[in-house]
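All chains are named by letter (A, B, ...) in the order of the sequence lines, taking the proteins before the strands, and each is independently numbered beginning at 1. What you see is a predicted model, and the numbers here were worked out from it, not measured in a lab. Note that these values count all heavy atoms, side chains included, but never hydrogens, waters or copies made by symmetry.
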Amino acid sequence: MVSTELIIKIGQILVFPGFLFLIFYALFAEWVDRKFFARLQNRIGPLHTGWKGILQPLADLIKLLAKEDITPEAADSVVFATVPIILFAIPLTVMFMVPIIGPKAYISFEGDLIVILFLFTLTVLSVFMAGWGSLNRFGTVGGLRTSLQMLSYEIPMGVAAVGPAILAKSLSLSGIVAWQGRSMSLFLENPTEFSLALGIAKASVLALGFGIFTICMLAELEKVPFDIPEAETEIVGGWQVEYSGKKLALLRLGGDIKLVAASALMTSLFLGGPLGPWPIPPALWFLLKTILCVMIISNLRALFARYRIDQMINWMWKNLVPLSLLYILAIELMAVLM
Amino acid sequence: MKETEFIIPVGPQHPALKEPEKFLIKVDGEYVVDADVRMGYNHRGIEKAMESRTYLQGLYLVERICGICSCAHTTCYTQCIEEAMGLEIPERAKYIRVITAELERIHSHLLWLGIAAHEVGFDTLFFYIWRDREVVMDLLELISGNRVHYAMPTIGGVRRDIPPEKVNEIKKGCNVLEKRTKYYKELILNEKTIHNRGDGVGVLTPKEAVALCTVGPVARASGINTDVRADDPYLVYDEIPFNVITYDGCDVTSRILVRVDEVLESINIVRYCLDHMPDGPIRKVVSPLMRVPEAEVVSLVEAPRGELIHYTRSNGGMKPYRHKVRAPTLGNILAVCEMLKGGYIADVPIVIAGIDPCLCCADRIAFVDVNTDKRWVWTDEQLRRYGVKWYQQNS
Amino acid sequence: MAMEPELLKNLTKKPATLVYPFEKFPPVEGLRAKHMWYADRCIGCGLCARVCPAFAIELDGRGKDVKGITFYLGRCVFCAQCEEVCPKKAIKLTQEYELACYTQEDTILKFTKE
């Protein structure tokens, strides 16, 4: 017997806020990224496909799906074929643990933050496998660079993500979001001077965390200034160099979903997820906040020249790691005070 | 070769290279151990084709050696032919040639700055600089009718005059360019990520720069005061006050700054020329099918990329007996291998771009046998035959 | 970070790109583009064909019995040397610059004397 509940559940997985919604939202996010990036550079950006070129990412995807799919003779064909699927699946999995339509995510358990961080590391590993497995010289260099890069940004990323978790006393994203909503409403009910001061202190510390996390996300998403593993002018696309056709389409779609997942993480960890001060549907809050995060990322990638790998690792270990340790210290103090 | 070393081919087709050229780069992890350059992918047989064209037809062929420094090539070529014919061109024509050449230098340097920004992954700066480069392109279009291949200098003078109303527009454009270029200089000096990629990268010491015969901005960025405009003034450069820009950082940042400052200097030269341009005719009438008396002439011009040499030999006919072009890139390309050694893979594109290689200018084939020091030149056909024979024997 | 003010300033400005087929940049005066031949002025001296650096001009007939002229636009380099040498100003380069076409035959521009 098929109950309505089951149908709703299946609908949630497949349509909203599941696969279909996420894929189209990812394409929309790519469009926002491209358009905003273009406007920052005084260009127009995508224009002709649909309203203001809104269908351009979809058109690109369809075009790539129709192209010839080549596997190099020397490449490890199993690794070569599985990596795009993994890179497509991992960000989708992450998205199911992020609260979208309410304060509780579809999959939520104590410790899902750790799983998300682990999944993000897994993407790096698969990127490395892709570069190494394609047996191209540029691909090899790109794969090496990815893993080197990971060594430097992983610690600040984890530390920055753990900050809100300590304050919320919960290791699940839904718990963190719920805590943010709770403290906001507590403050609104009882605005004393002490709670205001504490709120400002908390907000400034978390803003620092947001900054650190955004920088790490730039590295995770391989955007300028940390697009070292796929630097087009240096190593011709790096680890992606041998991919074509359907596999490249999957990789690109996976990249878009990863962009959404990164901004969703930024939103849920630091910006209150789908909750907001005004009564509009939570999903809309989520969309607004993630789009804001996407815009922040595209603004940052318009602002810098690319780092060299050694400079990046140097900079990360000398500046970002100490900064994140300072940040975690402040968080601990805050937790004791509360 | 050590086990950890492998060769990365940069080119003949590579996103960092706008023209086909091959650099074989031996790397150990991220370090560049050795580099080698292969030229000749862009050989078009222009020098041979010159021999079957009249001097006037050759003018337009020479212009098409390169799209960016086309005016430098025509200026050099016309100087060559005028010298051989003993022709003195009108003063106003000289000024107009200088104006075109300097506008072209601005255009070339801004183009290069954009490319350099792109090579270090700073696409925003690339788009902004290229947007502002449109100003100078429009000025060139205004005075010559075309955005590239201006066809301004001709044998005996220039083809188009600059009337007073255009003078005002050029001055207005120069003001915009000056403002923007100063902004970019400020930006380049302040943006840390550019310094990260430029400081101490691709070092070429003054000693090496002299030994490897570098020319133009590359030599000037290594602190060598060399500029044909000052050393061996042609046209009216001896009347125009200008500074030769040198920096002694010897690295990529210096090469960027030399070019930015040269843009500013060129704007001043253009302004001076517009103010001091004498009235009078712009060209001497020369028969389009003229004969050039027997002569052997070399002429030098400071192209945007450095010293450009044209050599012509006539035997009294309507067509040159031999015409030889030595483009500035040929002087600089050997230095690239030296600059690359000891750097990182990530620095390869910006170091190669740092000399502003114009490979279509440089690709001319001449063979030197190192053992006997015998030199010879082959035509395409001979080369092809040799290639076929060589493969038959060796396979 | 030095570029941020400039970026934000440009966010509100109109993009620099022209949407080409819909918006066109007006051709400047003196642009060298498609040829025009005035049959009544031509005296058939053939100078244009002799100086053309791309060998893109063919004159049909010489002297008084000149019947027509052919410009191979695919080869032409638009240097306007033909316009310059013509003693009777019978060739003029117009400002019609949109010369892209689908077949090679379309690149051949033929004028004949009626």
Between Trp31(A) and Phe28(A), ring centroids under 6.0 Å: yes

Validation row, ring centre Phe304(A) to ring centre Phe122(B) under 6.0 Å: no

Heavy-atom contact with chain B under 4.5 Å, split by part of Asp310(A): side chain

Heavy-atom contact with chain A under 4.5 Å, split by part of Arg131(B): side chain

Distance flag, aromatic centroids of Tyr243(A) and Phe80(A), threshold under 6.0 Å: yes

Leu148(A) portion near chain B, given a 4.5 angstrom heavy-atom threshold: neither

Chain A contact via Val348(B) - which portion, at a heavy-atom distance below 4.5 Å: neither

Carboxylate-amine/guanidinium proximity below 4.0 Å for Glu186(B) and Lys182(B): no

